[in-house]
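Report on one structure; see the data block that follows.
Below, chains carry the letters A, B, ... as their sequence lines are ordered, and counting in each starts from 1.
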2 protein chains.
Amino acid sequence: MAAGQADATRGKATSQTVKALLALRDLILSGELKRGERIAELSVVDRLGVSRTPLRMALVRLEEEGLLEALPTGGFIVKAFTERDIFDAIETRGTLEGLAARFAAERGVTTIGLSAFHRCLADLDELIGRGKLSEDDFSDYVDLNEQFHEMILAAADSPVLAHQLERASALPFASPSGFVMAQAVLPEALKILTIAQDQHRCVVEAIEAREGGRAEALMREHARLAKRNLILALRDRASFQLVPGAALIRQHGAG
Amino acid sequence: MAAGQADATRGKATSQTVKALLALRDLILSGELKRGERIAELSVVDRLGVSRTPLRMALVRLEEEGLLEALPTGGFIVKAFTERDIFDAIETRGTLEGLAARFAAERGVTTIGLSAFHRCLADLDELIGRGKLSEDDFSDYVDLNEQFHEMILAAADSPVLAHQLERASALPFASPSGFVMAQAVLPEALKILTIAQDQHRCVVEAIEAREGGRAEALMREHARLAKRNLILALRDRASFQLVPGAALIRQHGAG
DNA sequence: CGGGATGAGTATGTATACATTTCGGCGCGC
DNA sequence: GCGCGCCGAAATGTATACATACTCATCCCG
């Protein structure tokens with residue numbers, strides 16, 4: 001059985017490469033492969049059930065993604081991140097999103113695009129208006145929030161910027177929704193979401209009014225809200241465990 | 001001869017993977033692989049003298065780099081870029097460099113770092129002060145200019161941002177020195193370099209004075225100078241040919 | 001007793017063989 | 001005559017075999 005192995009389970013015909021990429025990323029984010037640890041290809045091959053070739057493709061991709069670091073001698077180690085690294089990742093993502101928002105404002109958005117924005121805003125309003133939020137509500141919020149951020153990127157209408165921003169959001173804790181689930185257990189959750197939603201609305205307003213500078217500044221500030229969430233999450237053990245990729249974060253004193 | 005092939009030339013033991021990456025990138029930038037063209041692995045393998053395995057590693061890396069596009073059906077095509085794509089790439093790079101400059105200003109630079117900046121500025125001053133510049137002078141300028149941009153990045157002291165900025169500068173025409181050689185043949189060259197150098201100096205001044213906002217704005221504007229160079233280069237056939245990756249640029253009317 | 005060198009074991013880098021899938025061409029049917 | 005379907009060839013995806021390079025541990029010598 002040399003290739004493809006016709007996957008007896010008829011369901012999904014995902015290629016081995018994709019399977020390896022997803023599974024390996026999972027292994028890293030879940031902490032099964034500890035930060036700083038060198039990755040032994042053979043042991044991972046055993047665990048994932050793919051051969052070395054697709055695994056090595058995944059290793060290269062995850063290195064470009066920033067989750068792995070190539071050793072000069074060959075092979076890879078799992079990267080470790082400091083608190084400041086995460087701040088910088090969020091600031092970087094926010095800066096690029098700010099650029100996207102400015103592009104959207106300067107270049108203009110179609111009527112159809114604007115109505116899609118307003119529908120998204122209304123959905124978010126409805127969600128937050130419920131008052132007390134269940135875990136499912138937070139999960140829905142994540143979906144809608146990601147949809148909003150994707151719409152900003154689409155409105156910028158710039159493939160090059162899209163490519164960069166996707167890369168900047170690849171680090172799990174840099175993603176726009178990285179800390180939403182973590183803040184679900186915090187008392188400040190509703191307040192933070194309310195503020196975030198107001199920023200969403202203002203950004204759309206700025207884009208609609210062709211106010212590029214304002215749209216950019218707002219989008220940046222919106223990302224900084226994620227930083228504040230991070231600070232809260234880091235102070236609360238239960239919350240911290242919900243941060244994606246928490247296992248990669250090297251806290252000040254603790255190992 | 002299964003692996004490594006012990007490279008009889010003792011000098012450089014470059015791995016086949018690196019060799020494939022560099023050679024393939026060359027093939028693309030030189031236009032030997034035309035934009036929009038699908039890359040046939042076997043034909044490239046023949047031309048480069050490496051086996052398919054390292055070549056495929058290179059293909060994946062160049063896709064992440066943005067030079068190739070993966071087809072859903074498998075395989076890759078050489079990306080084509082419009083004039084606006086290049087503008088956006090430069091603006092993106094400039095935005096990230098602006099962030100780096102702001103970080104440098106906010107976080108402070110050591111005395112040693114500052115003296116390195118001033119030495120670089122002095123070297124550039126001396127070069128431009130020569131008046132009429134030879135082709136070698138332009139080549140020297142490229143080196144010093146890249147040195148300056150690397151110093152900004154180093155001063156930001158942020159591995160995450162560094163990773164992103166390196167990726168944003170990977171596209172040849174997005175790089176800080178992308179258009180310097182192209183402008184060498186233009187009459188406005190000296191004037192442009194003079195302006196660029198003034199911006200260099202002001203950025204360092206802003207960083208030194210901890211003026212983050214100013215440093216950021218200046219660095220952005222500095223990148224926009226590259227855009228103006230691009231516009232000039234696009235109007236001049238001889239200059240256009242000196243733009244790195246010119247073969248990837250799809251001009252308005254022309255094929 | 002410690003340090004360095006050497007060897008065994010192992011891991012990575014590379015090449016190649018093989019299976020599957022896709023794309024192009026041809027023939028048959030409508 | 002045109003369209004649909006099938007077949008074949010070529011290319012990609014995958015697995016594995018092999019060679020080199022690294023790592024680590026042990027042993028010998030100082």
B:M57 CE to C:dT12 P: how many Å, rounded?
-> 11 Å
Could you pull out all residues at least two apart from B:R84 that satisfy side-chain contact (heavy atoms from CB on, under 4.5 Å)?
-> A:R107, A:D157, B:T82, B:D88
Electrostatic pair B:E41-B:R52, nearest N-O below 4.0 angstrom | yes
Between atom CG in A:L48 and atom C1' in D:dT14, what is the gap in whole Å?
-> 15 Å
A:L55 atom CG is separated from D:dA15 atom P, nearest whole Å, by 11 Å
Between A:S51 and A:T73, name the one whose nearest nucleotide on DNA chain D is closer to the 5' end.
-> A:S51
Value in whole Å for how far the P atom of D:dA21 lies from CG of A:L71 | 18 Å
Would you tabulate the pairs of protein nitrogen or oxygen atoms and nucleotide nitrogen or oxygen atoms of nucleotides 8-11 of chain C closer than 3.5 angstrom?
none

C:dT14 base / B:T17 side chain donor-acceptor hit below 3.5 Å | no
Separation of D:dT12 atom C1' from B:F76 atom CZ, nearest Å, is 10 Å
Short N-O contact, A:R102 and A:E97, less than 4.0 angstrom = no
A:E69/A:R35 ion pair, N-O < 4.0 Å | no
Are B:R167 and B:E64 ion-paired here, with the side-chain N under 4.0 Å from a carboxylate O?
-> no
Does A:K79 come within less than 4.0 Å of A:E65, counting only side-chain N to carboxylate O?
-> no
To the nearest angstrom, the CZ-C1' distance between B:R52 and D:dA10 comes to 11 Å
